[in-house]
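Everything numeric here is computed off the predicted structure, so don't read it as measured data. The figures here come from the full heavy-atom set of this structure, side chains too, leaving out hydrogens, waters and symmetry mates.
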Amino acid sequence: MDKKQAALVSTLLTITLVTFVLSSCSIPTGGGPGTITLFLGGGSGGYSVMELPPTDAVLGSLRHEIEFSGPGSKKVEAYGQTSITVQLIPGTWQVTVKSYHGDVLYAEGSQTIDVKAGQNNPEQIYVYMKTGVFVTPSAVTLSPGDVYDFQAKLIKLPGAAVAWNLTGAASTTTTIDGTGKLTVDTAETSATLTVTASSGSYNSTATVTVLVPPPPPPTVIDTLDAVTDITAPVHDADTTNAAISAATGYSAGSFAWTSGLTSGKYVYGTSAVATITLTATAGYTFTGTAINPAAIQAKFSAGSPTAAITGTPGTTLVFTLTYTVAQAIGAPTGTVSITVTGGSVQTGRTLNANTGSLGGTGTITYQWKRGGTNISDATASTYRMVADDEGSTITVEVKRSGYSGSVTSTPTVAVTGWNIGDTGPAGGKIFYNTGTGDWKYLEAAPEDIPGTFAWANGPAYSSGVPGTGTAIGTGKANTALILGVDPAAMAAAACNSLTTGGYTDWFLPSKDELAAMIAESATIGLTTVDCRYWSSSEYGNIYMAWLHSFISGDPGPATKTVDTNCYVRAVRSF
């Protein structure tokens with residue numbers, strides 16, 4: 001079918017085109033207007049095949065949208081006109097025409113034309129009618145209870161039947177009949193409906209916005225706070241389900257433990273699951289999860305719910321509550337005993353809690369006690385005795401998760417101290433026993449560290465170590481100061497890295513600590529022939545440190561880099 005066969009010969013609209021320059025373009029000279037003829041319709045003598053025939057009255061009511069795109073862009077509208085004059089820049093243009101009857105697209109067409117300056121170039125644009133069914137209006141806003149008549153316009157479908165359909169309604173009494181009459185139920189809750197008109201394979205839709213009022217605020221009946229009584233099971237052998245008495249809005253409910261039991265007991269630290277069933281009495285409807293976990297917690301002797309209660313609104317609610325059991329009755333079976341590492345119950349030795357016979361499988365925690373009183377920060381499975389323990393007995397209290405009680409060991413004998421010359425916890429000799437504060441005793445290592453040592457030849461020599469002391473009780477801090485300046489300082493590093501007798505807390509003694517050790521040299525077993533021992537105390541200048549010489553028999557300064565016959569004996573305090 002060619003264009004003339006496809007187009008209905010009809011009343012023509014004449015569009016006169018003349019040249020027009022946009023922006024900075026110059027106007028060509030010698031130009032004249034051109035004309036373009038717009039035909040509406042489709043096919044010679046084809047008027048009888050349309051529901052809306054292109055009569056003069058119909059054509060006179062059409063609204064034409066004419067859009068030009070090419071060297072520029074332009075859009076014009078014509079309302080029932082037979083001609084229109086448009087100014088265009090010379091060049092090739094794409095002309096698109098859409099003709100509307102009301103809000104229905106009645107016909108449309110598109111064609112390329114050439115506009116030349118100074119010439120009169122008639123063009124014909126063929127506009128083709130659409131085929132199908134079209135709902136008017138395409139959108140409408142209604143309220144519940146409204147009735148509305150939709151219209152169906154048929155183009156090129158003379159006498160065709162129209163079927164109407166409605167989707168999206170929440171109410172079964174929101175309907176549309178065979179004529180397009182929509183009835184919105186007063187109880188409609190859907191905010192958007194879709195109306196569809198169909199004829200054969202053609203269809204068209206319209207959107208209906210329903211102004212649904214918001215639902216009234218829910219009526220929340222009494223929470224569990226208003227329930228007058230819950231007989232809660234105890235956390236022991238009682239596995240009886242508890243009853244919930246009736247309260248306003250409730251019929252009798254039930255409270256049932258469904259898990260979390262081991263051998264008939266609620267196990268401490270485990271999650272017990274309770275199921276609560278409530279039924280609304282006549283005249284009430286549950287609108288939410290109206291149970292307060294705190295109210296349940298108050299009904300139990302210990303513990304608290306650890307998860308929010310969830311449920312389903314309606315006339316019957318079943319809630320599941322996860323509840324962590326906070327306490328179980330009784331203590332674990334078995335005993336706990338104490339052993340000592342390395343000898344007798346003396347300051348500086350380590351006590352061990354033995355729980356091999358303790359019943360149960362939960363986590364074990366410890367608390368060491370001095371004379372029955374908790375010792376601060378003593379909560380490990382081992383405990384090293386200190387000077388404050390002397391004269392007191394030591395016990396350990398053990399708890400296991402899953403039990404409310406505890407098991408306590410038999411007390412040790414009273415803790416004793418040390419005398420000078422005793423073999424200490426690390427196997428060396430005690431040479432001082434009147435310290436104060438967090439230590440009381442000084443123990444020398446069992447033997448010299450093998451080899452001879454310079455005090456330092458790095459930064460601790462070239463820059464010195466400010467702040468070292470000479471008094472008893474400063475050696476440990478001196479060693480830390482030296483290694484902070486020079487980690488490779490020989491004498492201090494050798495002591496700090498020593499491990500002997502199961503202990504690693506050795507340090508280079510201060511000047512006075514070294515003197516106290518020299519005083520007990522025979523007991524300790526120091527080398528006393530042609531040798532010198534370094535202290536951790538710096539002398540009056542940065543290049544020298546204190547040592548004790550068995551060559552001269554006196555303490556004195558020496559250059560830090562000297563290592564000839566210079567020995568090191570580490571000490572520890574406790």
Side-chain angles (χ1 to χ4, degrees), residues 234-237 265-270 300-304 324-420 422-426 430 432-443 473 476 501-505 572-574:
V234 298
H235 299 299
D236 196 19
K265 292 188 177 183
Y266 299 102
V267 179
Y268 175 77
T270 61
F300 290 84
S301 59
S304 62
T324 299
V325 180
Q327 186 174 353
I329 300 298
T333 59
T335 61
V336 58
S337 61
I338 296 176
T339 57
V340 183
T341 299
S344 59
V345 180
Q346 285 181 284
T347 303
R349 295 198 189 279
T350 298
L351 301 178
N352 309 283
N354 302 307
T355 58
S357 66
L358 196 68
T361 59
T363 302
I364 297 175
T365 58
Y366 305 85
Q367 177 60 63
W368 293 89
K369 298 173 182 283
R370 177 189 301 126
T373 301
N374 289 353
I375 302 173
S376 178
D377 297 325
T379 56
S381 61
T382 61
Y383 172 67
R384 182 175 291 180
M385 292 171 283
V386 298
D388 286 346
D389 296 326
E390 292 179 7
S392 299
T393 60
I394 304 296
T395 57
V396 62
E397 180 186 24
V398 173
K399 294 182 179 180
R400 188 187 286 281
S401 60
Y403 299 87
S404 60
S406 62
V407 177
T408 300
S409 69
T410 300
T412 64
V413 298
V415 179
T416 60
W418 301 85
N419 296 315
I420 292 176
D422 287 346
T423 299
I430 303 297
Y432 187 84
N433 65 352
T434 57
T436 59
D438 60 355
W439 68 278
K440 184 176 180 180
Y441 302 97
L442 290 175
E443 178 183 8
K476 189 172 186 177
Y503 292 86
T504 60
D505 54 347
R572 60 182 294 270
S573 60
F574 62 94

Engineer: For the pair Ser357 (side chain) and Gly334 (backbone), establish whether a donor and an acceptor sit closer than 3.5 Å, ignoring hydrogens and angles.
Structural biologist: no

Engineer: Are Gln346 and Pro425 side-chain neighbours, meaning at least one heavy-atom pair lies under 4.5 Å?
Structural biologist: no

Engineer: Roughly how far, to the nearest 0.5 Å, is OG1 of Thr504 from CZ of Arg572?
Structural biologist: 9.0 Å

Engineer: Look up atom NZ in Lys399 and atom OG1 in Thr363, then write down how far apart they are to the nearest 0.5 Å.
Structural biologist: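 Between atom NZ of Lys399 and atom OG1 of Thr363 there are 14.0 Å.
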
Engineer: Indicate yes or no: at least one non-hydrogen side-chain atom of Ile430 is less than 4.5 angstrom from one of Phe574.
Structural biologist: yes

Engineer: With no hydrogens and no angle check, is any side-chain donor or acceptor of Glu443 less than 3.5 Å from a backbone partner on Ala426?
Structural biologist: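 Such a contact is found between Glu443 side chain and Ala426 backbone.
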
Engineer: Hey, does Lys440 have a side-chain heavy atom less than 4.5 Å from the side chain of Thr347?
Structural biologist: no

Engineer: Measure the spacing between OG of Ser337 and CG of Asn352 and express it to the nearest 0.5 Å.
Structural biologist: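 With rounding to 0.5 Å, OG (Ser337) is 9.5 Å from CG (Asn352).
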
Engineer: Can you tell me how far the OG1 atom of Thr333 sits from the CG atom of Leu358, to the nearest 0.5 Å?
Structural biologist: 7.0 Å

Engineer: Heavy atoms only: give me the nearest Ile338-Ile394 pair and the separation to one decimal.
Structural biologist: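 The pair with the smallest heavy-atom distance is CD1-O, 3.8 Å.
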
Engineer: May I have the list of side-chain donor-acceptor pairs in residues 374-384 shorter than 3.5 Å, sequence neighbours left out?
Structural biologist:
unit_1 : atom_1 : unit_2 : atom_2 : d
Asn374 : OD1    : Lys369 : NZ     : 2.5
Tyr383 : OH     : Asp389 : OD1    : 3.3
Tyr383 : OH     : Asp389 : OD2    : 2.6

Engineer: Once rounded to the nearest 0.5 Å, what's the spacing between atom OH of Tyr366 and atom OG1 of Thr355?
Structural biologist: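 Between atom OH of Tyr366 and atom OG1 of Thr355 there are 4.0 Å.
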
Engineer: Quick check: does any side chain N or O of Arg349 sit under 3.5 Å from a backbone N or O of Gly342, one acting as donor and the other as acceptor?
Structural biologist: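 A pair under 3.5 Å: yes.
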
Engineer: To the nearest 0.5 Å, what is the distance between CG (Asp505) and OG (Ser573)?
Structural biologist: 7.0 Å

Engineer: If every non-hydrogen atom of Val345 is compared with every non-hydrogen atom of Met385, which pair is closest and at what distance?
Structural biologist: CG1-SD, 3.4 Å

Engineer: Would you call the rings of Trp418 and Tyr441 parallel, tilted or perpendicular if under 30° counts as parallel and over 60° as perpendicular?
Structural biologist: perpendicular

